[in-house]
Amino acid sequence: MSEISTRYNPAETEEKWYRHWESSGYFKSVPDDREPFTIVIPPPNVTGVLHMGHLLNNTIQDILIRKARMDGKNACWVPGTDHASIATEAKVVRWLREEFKLRKADISREEFMQYAYQWKDKYGGIILQQLRRLGASCDWDRTAFTMDPQYYQDCVRMFVDLYEKGKLYRGLRMVNWDPEALTVLSNEEVIYSEENAQLFHLHYRLEGGEEGVVIATQRPETIFADVAVAVNPKDERFAHLVGKKVLIPLINRAIPVIADDYVDIEFGTGALKITPAHDPNDYEIGQRHQLPVIDILTDNGYLNEACGFEPLIGKERFEARKAIKPLLEAAGVLVKIQDYQTKIGRSERTNCVVEPKLSLQWFVKMTDLGAPALRAVMEGEIKFFPANFQNLYRNWMDNLRDWCISRQLWWGQRIPAWYLKAEANNKETAIFVAQSAEEALEKAKKATGNPQLTLEDLRQDEDVLDTWASSWLWPISVFNGFAEPEGEINYYYPTNVLVTGWDIIFFWVARMIMAGYEYKGERPFQSVYFTGMVRDKNRRKMSKSLGNSPDSLALLDTYGADGVRFGLMSSAAAGGDLIFDAPFGADGTILNESALCELGRNFCNKMWNALRLVKGWKTIEKAESEEILRKNELAVRWMTEKFQQTLAQVEADFQSYRLSEALKSLHALIWDDFCSWYLEMIKPGFEQPIDRGTYTATLHLYGNLLRALHPFMPFITEELWHQLENRPAGEDICAQSYPAQIPADQALIQQVESIKEVITKIREIRNQNQIKPKDPLEVCIQSSSSARQLFELTGAREMMEKMAVLSSLEFVETEPSNAKSFISGTDQYYVILNKQIDVEAERAKLTEELTYQQGFAASVEKKLSNEKFVSGAPAQVVENERKKLADANARIAILEESLRKL
RNA sequence: GGGCGCAUAGCUCAGCUGGUUCAGAGCAUCUGCCUUACAAGCAGAGGGUCGGAGGUUCGAAUCCUUCUGCGCCCA
């Protein structure tokens with residue numbers, strides 16, 4: 001035994017087993033006659049690295065897929081990566097600058113794409129290697145990428161299809177504009193945070209008079225784009241001004257005063273300048289009142305000619321804000337400046353303040369797409385875990401706005417729309433949306449009636465698709481469902497469950513549901529398991545930029561994949577955030593440590609040492625005595641039933657995706673029931689052998705535990721599975737079936753629980769009286785029918801004698817002297833002590849217990865004497881109460897008797 | 001401003017359909033053990049008015065109302 005280390009070494013085993021599993025083809029899936037169980041991975045960014053969120057998310061998927069595999073299903077977990085248009089493009093741009101001293105503007109689109117693919121080939125897919133370290137049992141042959149030629153083609157096909165169905169249009173809309181990256185941003189890419197800002201109070205003079213109105217604005221440089229001043233129609237202060245005109249300071253352009261409910265009477269001065277080109281709300285108000293739009297900013301955020309105020313033309317927006325202040329003061333219109341806090345949106349990538357901008361973009365009409373997607377979730381066709389995410393989902397689906405899917409980037413699927421070169425940029429009237437340039441040309445020839453047109457006369461839209469507008473096709477496209485709708489997608493689709501963070505419920509989950517119904521007429525997945533966010537001790541979301549996230553690979557090194565998986569899962573209820581406990585060092589940097597993962601590592605050690613114990617036993621054919629045999633047989637019976645009891649719980653937990661609960665049940669079963677109780681029950685004396693029957697049964701039980709745990713902790717279970725017994729080739733645990741469920745014998749479990757309770761109470765008395773664990777004790781049992789019944793269970797007496805270390809265990813009619821007593825159930829036990837009992841202390845203890853029992857009995861009696869309870873409550877509940885009362889009364893009788901004798 | 005959620009032991013959280021598997025787990029704390037698999041361990045213990053108040057019910061941590069204190073999403 002000395003040759004086996006007392007510590008489990010994950011580094012040695014994990015790589016070995018992963019390689020073995022992969023080369024054995026266990027993770028591969030091809031359609032067959034088994035029931036499929038499909039998961040598509042939420043594709044991580046192709047150039048991303050494994051972070052804590054990935055660890056959690058992919059551990060959950062792996063647990064589900066391994067369980068399904070062991071359940072005999074055709075388990076298929078499709079891995080892949082997302083091209084992550086804006087994030088990757090930003091990285092490529094930086095790489096070009098740093099490695100090649102190139103700016104994006106210096107090279108052609110084609111050259112840029114070549115570099116981008118180079119970058120992708122070099123750094124892409126690292127994360128997929130890292131997922132292997134975690135144990136992820138993906139079918140790697142199916143690895144997909146959202147920019148694969150086939151996937152690209154599906155996006156084009158989708159675009160053309162939506163356009164032809166009238167569900168896609170090109171239009172001028174308010175969008176989030178990043179003036180530095182020069183692209184539209186999705187809402188998700190805009191990070192809002194509280195910042196200090198200033199509220200300028202400006203006086204707008206009434207046309208032809210001195211009176212006027214004071215408005216409050218945070219952006220005085222945009223006054224040149226004002227087209228109105230709005231007040232609330234209920235605001236009496238300004239009622240007389242509505243319909244009149246006021247003059248914009250500095251340029252004295254006249255604009256109307258209008259009334260609109262949007263204006264908050266309480267905020268600022270109650271009067272709001274309306275600047276449709278530079279504020280989304282103002283734009284909507286402008287639309288309502290048919291006001292013009294004056295755009296005074298260039299794409300990179302400089303004031304343009306349209307502002308009509310010479311001194312500021314060509315100034316950057318924030319420069320202009322500084323510059324305008326003295327000018328306003330000089331003009332006598334600056335009433336005051338007020339500091340205040342407001343939410344400012346910045347670009348996730350460039351940290352540049354996002355500019356609302358009116359821009360010509362492609363939009364998907366959401367109303368038609370949203371209806372079936374909302375219905376599916378509300379009617380439970382797609383189930384959410386936890387269910388209350390339905391509310392969040394509905395809230396968003398009820399307020400759908402058209403989806404801007406064009407991005408001014410190169411890295412992505414280029415929008416398949418062509419325009420006539422003869423028409424000016426962004427002024428196109430003729431749009432040809434087609435699968436290819438050639439098709440577009442045909443359409444153009446027809447539409448224009450000009451057969452002389454050539455490809456040279458056409459210009460393709462410069463923009464690419466929003467990343468989500470490709471990833472919403474993921475569950476369909478990874479099975480080539482567009483090109484081969486009758487192919488294997490018919491087998492794998494709809495997928496079984498999607499596992500993802502709730503933060504992308506709108507961006508991805510909702511849209512996949514829409515795409516599913518649009519293109520397959522069917523839900524893309526049966527269930528969605530929402531994971532929580534992994535947060536640090538201060539409840540901040542772990543992120544690279546905050547530097548509060550441990551290095552996930554370092555964690556895997558320190559605790560092993562199983563240790564990390566356990567640490568994450570043991571406290572990650574579905575939807576609940578996970579407060580990860582990695583502490584910070586003195587210098588404020590995150591330490592790659594975790595008490596949670598330590599628990600997982602300790603658990604591995606525990607199982608490892610259980611193996612060392614069991615494998616160290618010598619066996620003999622027959623137990624040395626009948627007593628040992630009876631004890632061991634009871635232990636095996638009990639452990640078998642206990643296993644079944646927990647297994648039923650685990651299966652139920654899997655049904656409702658309560659994976660943390662399932663893991664905790666298995667942890668308790670293995671650590672407490674199996675190691676602390678069962679192994680101690682059957683453990684032979686020092687250097688003593690164990691009977692073969694018990695030994696074989698123990699190996700079998702141990703194997704069952706390993707199989708039940710395997711989905712959660714795949715590596716150590718595989719290692720122990722093979723250490724436990726010599727297995728023929730191919731008998732790997734990951735290809736075993738999950739243990740079969742058989743109803744557990746609850747009565748037997750209850751009887752052994754009673755025995756364990758007595759053992760624990762004897763140990764407690766040992767502790768209190770400083771008796772060494774190995775000193776044998778004499779214990780007497782007050783004779784009663786219930787006590788005799790308990791010990792009629794074969795092996796019960798022997799089990800108690802061993803576990804409590806007793807020299808004798810006898811029934812008595814009268815209380816022995818010099819004994820400490822305790823009550824278990826309704827029976828009294830006496831532990832004989834070779835010393836004088838402190839009578840007063842004993843009396844006090846008994847009296848306290850008696851008082852409690854009497855109070856308890858009284859409360860139960862009161863309940864039972866309530867006619868409404870007896871007639872109203874279910875019979876089982878009433879019966880339970882009667883039993884409680886009877887037991888309490890029995891205990892009271894024992895206590896009173898004991899007190900009398902003292 | 002609109003919506004959603006949370007409050008249970010010192011900490012982090014379970015607690016599913018209202019009822020003895022209802023007041024739980026892990027960590028932390030305390031006591032005793034280097035016991036022959038494991039000190040990354042073993043045997044025990046203490047600790048809570050389930051945020052406050054009211055209501056429904058035979059019965060409430062659980063359902064309803066309200067207050068307080070915190071999150072989050074959307075505008």
Side-chain angles (χ1 to χ4, degrees), chain A residues 1 4-8 187 192 262 264 266-267 280-281 343 386-396 398-399 401 502-503 505-506 533 537 539 541 559 563 570-573 575-581 595-596 598-617 645 649 652-653 656 658 660-661 664-665 667-668 671 675-676 679-680 683-688 746 749-750 753 759-774 803-805 860 862-874 876-878 880-881 883-884 887:
Chain A
M1 188 158 50
I4 309 179
S5 159
T6 61
R7 304 276 159 85
Y8 167 63
N187 294 339
Y192 291 91
Y262 171 78
D264 182 355
E266 304 294 322
F267 185 78
N281 295 312
K343 290 220 164 173
N388 54 343
F389 278 106
Q390 279 182 3
N391 293 327
L392 187 64
Y393 181 82
R394 180 173 51 200
N395 190 251
W396 191 71
D398 283 343
N399 296 290
R401 287 176 303 166
W502 53 259
D503 54 333
I505 185 170
F506 309 137
M533 299 295 111
K537 287 225 134 179
R539 292 184 177 271
K541 191 170 157 182
Y559 301 104
S570 62
S571 57
D577 285 356
L578 174 68
I579 311 295
F580 198 73
D581 61 325
L596 284 171
E598 204 173 302
L599 291 178
R601 185 181 58 183
N602 293 354
F603 186 30
C604 289
N605 269 328
K606 188 70 181 176
M607 289 187 280
W608 180 254
N609 278 294
L611 174 87
R612 290 179 64 228
L613 175 68
V614 171
K615 294 303 282 182
W617 288 335
Q645 185 188 44
Q649 187 58 51
D653 286 339
S656 48
R658 296 159 56 87
S660 293
E661 298 298 310
K664 280 192 262 189
S665 299
H667 176 258
W671 196 302
C675 293
S676 295
L679 290 180
E680 294 297 334
K683 189 171 165 179
F686 187 51
E687 305 258 284
Q688 299 291 303
Q746 299 297 341
I749 291 171
Q750 196 45 54
E753 282 310 312
I759 293 165
T760 297
K761 290 193 168 177
I762 294 171
R763 285 171 175 173
E764 190 180 341
I765 288 178
R766 233 182 229 289
N767 263 346
Q768 285 165 354
N769 295 279
Q770 276 107 47
I771 302 166
K772 289 206 156 49
K774 281 193 292 188
M803 296 300 282
V805 190
V860 177
K862 190 178 160 206
K863 196 185 269 190
L864 282 168
S865 61
N866 182 334
E867 187 49 43
K868 283 182 177 169
F869 171 72
V870 177
S871 57
Q876 188 57 52
V877 174
V878 178
N880 271 332
E881 292 299 314
K883 173 106 173 49
K884 274 158 63 177
D887 288 355

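Sequence lines set the chain letters: A, B, ... in the order given, protein chains first and strands last, and positions in each chain run from 1.
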Using atom names, set out every protein N or O paired with an N or O of nucleotides 3-5 of chain B below 3.5 Å, distance rounded to 0.1 Å.
unit_1	atom_1	unit_2	atom_2	d
G3(B)	O2'	N395(A)	ND2	3.3
C4(B)	O3'	N391(A)	ND2	3.3
G5(B)	OP1	N391(A)	ND2	3.3

>> Considering every strand and a 4.0 Å limit on heavy-atom distances, what is the contact class for W617(A): base, sugar-phosphate, or nothing?
In response: nothing
> Are K761(A) and E764(A) close enough for a salt bridge, meaning some N to O gap below 4.0 Å?
Replying inline: no
Between protein and nucleotides 58-65 of chain B, what N or O pairs are separated by less than 3.5 Å?
unit_1	atom_1	unit_2	atom_2	d
C58(B)	O2'	N866(A)	ND2	3.0

>> Could you tell me how far apart D398(A) (CG) and C73(B) (C1') are, to the nearest whole angstrom?
In response: 14 Å
> N602(A) has an atom CG; how far is it from atom P of G26(B), in whole Å?
Replying inline: 14 Å
Between the protein and nucleotides 10-14 of chain B, which nitrogen or oxygen pairs are less than 3.5 angstrom apart?
unit_1	atom_1	unit_2	atom_2	d
C13(B)	OP2	R539(A)	NH2	2.2
A14(B)	O2'	E661(A)	OE1	3.2
A14(B)	O2'	E661(A)	OE2	2.6

> Does G44(B) have OP1 or OP2 sitting under 4.0 Å from an N or O in the side chain of R763(A)?
Replying inline: yes
> Is there a donor and acceptor pair closer than 3.5 Å between the side chain of R766(A) and the base of A43(B)?
Replying inline: no
> Side-chain donor or acceptor of K683(A) under 3.5 Å from a matching atom on the base of U35(B)?
Replying inline: no
>> With nearest nucleotide decided by heavy atoms, which residue, K884(A) or L599(A), maps closer to the 5′ end of RNA chain B?
In response: K884(A)
> Looking for any heavy atom pair under 4.0 Å, which part of the strands does E764(A) touch: base, sugar-phosphate only, or nothing?
Replying inline: sugar-phosphate
